[in-house]
Amino acid sequence: MAKQPMLKFVDVKRDMPPKRDAEERSHDFDEIYAEFAKAKAAEQASRCSQCGVPFCQSHCPLHNNIPDWLLMTAEGRLQEAYEISQATNTFPEICGRICPQDRLCEGNCVIENSGHETVTIGAIEKYITDTAWENGWVKPNLPYAERGDSVGIIGAGPGGLAAADRLRQAGVQVTVYDRYDRAGGLLTYGIPGFKLEKDVVMRRIQQLEAAGVQFVLNCNVGEDLSFQAISGQHDAVLIATGVYKSRDLQAPGVGAQGVVRAIDYLTANNRVGFGDTVPEFESGELNAEGKRVVVIGGGDTAMDCLRTAIRQGATSVKCLYRRDKKNMPGSMREVQNAEEEGVEFVWQTAPNGFIGDPVEGVKVQKMHLGAPDATGRQSPEVIEGADYTEPADLVIMALGFMPEDLPTLWDEGALEVTRWGTIKADFKTHETAIDGVFAVGDIVRGASLVVWAIADGREAADSILSYLNEAASVAAE
Ligand SMILES: Cc1cc2nc3c(=O)[nH]c(=O)nc-3n(C[C@H](O)[C@H](O)[C@H](O)COP(=O)(O)OP(=O)(O)OC[C@H]3O[C@@H](n4cnc5c(N)ncnc54)[C@H](O)[C@@H]3O)c2cc1C
Ligand code: SF4
């Protein structure tokens with residue numbers, strides 16, 4: 001008879017790893033995940049062919065030295081990768097998260113254009129800087145020596161903050177004025193937290209404060225403090241106020257309850273994310289939960305509203321856009337994300353009015369694309385007799401933003417504006433028509449991108465420093 005193997009009794013309790021608390025286990029997970037992410041970033045970075053014609057770099061508004069930091073990442077030299085990446089970008093981890101890379105660096109990657117899918121530049125940029133934060137490599141930009149001159153910055157969005165960082169590093173006394181209760185501009189209250197986590201923005205503000213930047217919040221320039229008071233108090237002024245006037249629809253029923261503006265809807269959602277009490281959210285006015293939601297518009301703001309409504313628990317989320325998918329102004333990646341999350345796009349449709357108060361539906365006109373206009377873009381035309389009603393309990397208008405009339409609001413007629421109301425400023429030096437007053441970001445470009453605001457802010461800081469140095473040398477003569 002075959003010999004039976006001897007059974008070994010195991011003291012189950014003794015052979016089990018000791019019980020550990022959740023924090024310790026989650027630390028293990030973080031370590032495993034960090035190793036995985038590091039390997040993944042290195043694998044992606046090593047796909048860069050170091051082509052020698054870095055179209056990625058020339059199509060990045062900051063001309064980031066992408067090939068070099070990809071090489072460092074591929075070799076596991078993350079601190080060096082971080083040093084290279086932060087040398088040209090004030091907020092690399094923010095750009096890595098929210099730049100429309102498909103239109104900028106990644107869309108121009110040589111590998112992408114040879115049909116082998118882009119190197120994921122944005123994700124690697126985010127990874128490098130997040131790692132830098134975790135390891136304490138990100139330090140406040142303290143000046144080597146203080147200067148006696150001061151600059152007032154109106155607007156604490158990415159344009160104003162990028163300039164503040166660079167000016168402060170040069171030793172200038174910097175005060176940033178903003179009408180909101182938190183700094184960050186659209187990084188804080190416009191862009192939703194699922195795209196850009198708010199602690200990522202707030203730690204940057206804290207870093208600027210630690211470097212000595214002064215923030216004067218809840219200060220609406222033109223109301224709480226005059227523009228003249230600010231310019232009288234500082235040696236130079238930077239205007240970085242962005243564009244906030246919503247483009248409205250002129251249609252019957254537009255004032256009905258439940259027809260709201262995108263900026264109000266997104267701001268409320270972000271405030272709730274911060275833990276603020278928002279009465280319009282509590283009352284349901286700016287909350288999509290359990291509602292049939294229709295968003296009007298086809299840009300990135302519309303995509304953010306659609307994806308926020310999904311997360312708030314809307315029963316259905318539809319997007320009305322007057323052109324077709326090919327002609328959407330928003331990033332294709334964002335459209336794809338929205339589709340995957342369950343948004344229904346109703347192409348070539350335009351609202352013609354609203355039914356009910358509170359709103360019950362949107363009157364919709366079907367459109368087709370007609371002859372190309374002077375710019376070569378086909379104009380949408382109404383298909384007669386093809387109207388229908390789209391049921392809705394919440395309608396969000398995301399039709400774009402325009403600048404506020406600053407010369408009137410600030411009683412400053414010398415501030416020249418373009419016919420679109422944006423401030424006239426030199427594109428390289430960012431000087432406005434008023435001596436010592438500079439302007440950057442959306443208030444000059446019209447609604448644009450975070451990375452462009454950062455690029456402008458950095459450039460303007462350099463111009464302001466030249467201006468201050470010149471003023472100092474004249475005074476010394
Ligand atoms: C919903 C939404 C989503 C977006 N998503 C993206 C994205 O994913 N990627 C991307 O690259 N870009 C995105 N953008 C665009 C991007 O946010 C802007 O281009 C960028 O923030 C512009 O920066 P800025 O510094 O010029 O102005 P802002 O970020 O608008 O900051 C201006 C600041 O000035 C303050 N201000 C205005 N007037 C006054 C005043 N009178 N007194 C005091 N303070 C004042 C405001 O309170 C604000 O804090 C998005 C925009 C929106 C609306
Ligand atoms: S800043 Fe934006 S465009 Fe430039 S490399 Fe980073 S993600 Fe690409």
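Residues: numbered from 1 along the sequence shown. Indexing begins at 1, ligand by ligand and atom by atom, following the structure's order.
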Atoms in ligand 1 with a heavy atom of Leu266 nearer than 4.0 Å
1 (C)
Please list all pairs passing the ring pair (Phe, Tyr, Trp, His ring centres under 6.0 Å) test where one or both residues lie in residues 407-430, with sequence neighbours left out.
Phe227-Trp410
Does the side chain of Ile128 reach to within under 4.5 Å of the side chain of Glu125, using non-hydrogen atoms?
no
In plain terms, say whether Glu93 and Lys126 are close enough for a salt bridge, that is, a side-chain N and a carboxylate O under 4.0 Å apart.
no
What are the protein N/O/S atoms, named by residue and atom, that sit under 2.8 Å from atom 2 (Fe) of ligand 2?
Cys99 SG
Can you tell me which residue pairs pass the ring pair (Phe, Tyr, Trp, His ring centres under 6.0 Å) test with a partner in residues 275-320, sequence neighbours excluded?
none
Tell me the side chain to side chain donor-acceptor pair (under 3.5 Å) pairs involving residues 235-244, sequence neighbours left out?
none
With a 4.0 Å cut-off, would you call Asp462 and Lys428 a salt bridge?
no
For Ala156, the atoms of ligand 1 under 4.0 Å from one of its heavy atoms are 33 (C)
What are the atoms of ligand 1, with element, lying closer than 4.0 Å to any heavy atom of Gly441?
26 (O)
Which segment of Asp304 sits under 4.0 Å of ligand 1 when only heavy atoms are counted
side chain
Below 4.0 angstrom from a heavy atom of Cys219, which ligand 1 atoms are there? Numbered from 1 as shown, please.
42 (N), 43 (C)
Is the contact between Phe401 and ligand 1 made by the side chain, the backbone, both, or neither, using heavy atoms and a 4.0 Å cut-off?
side chain
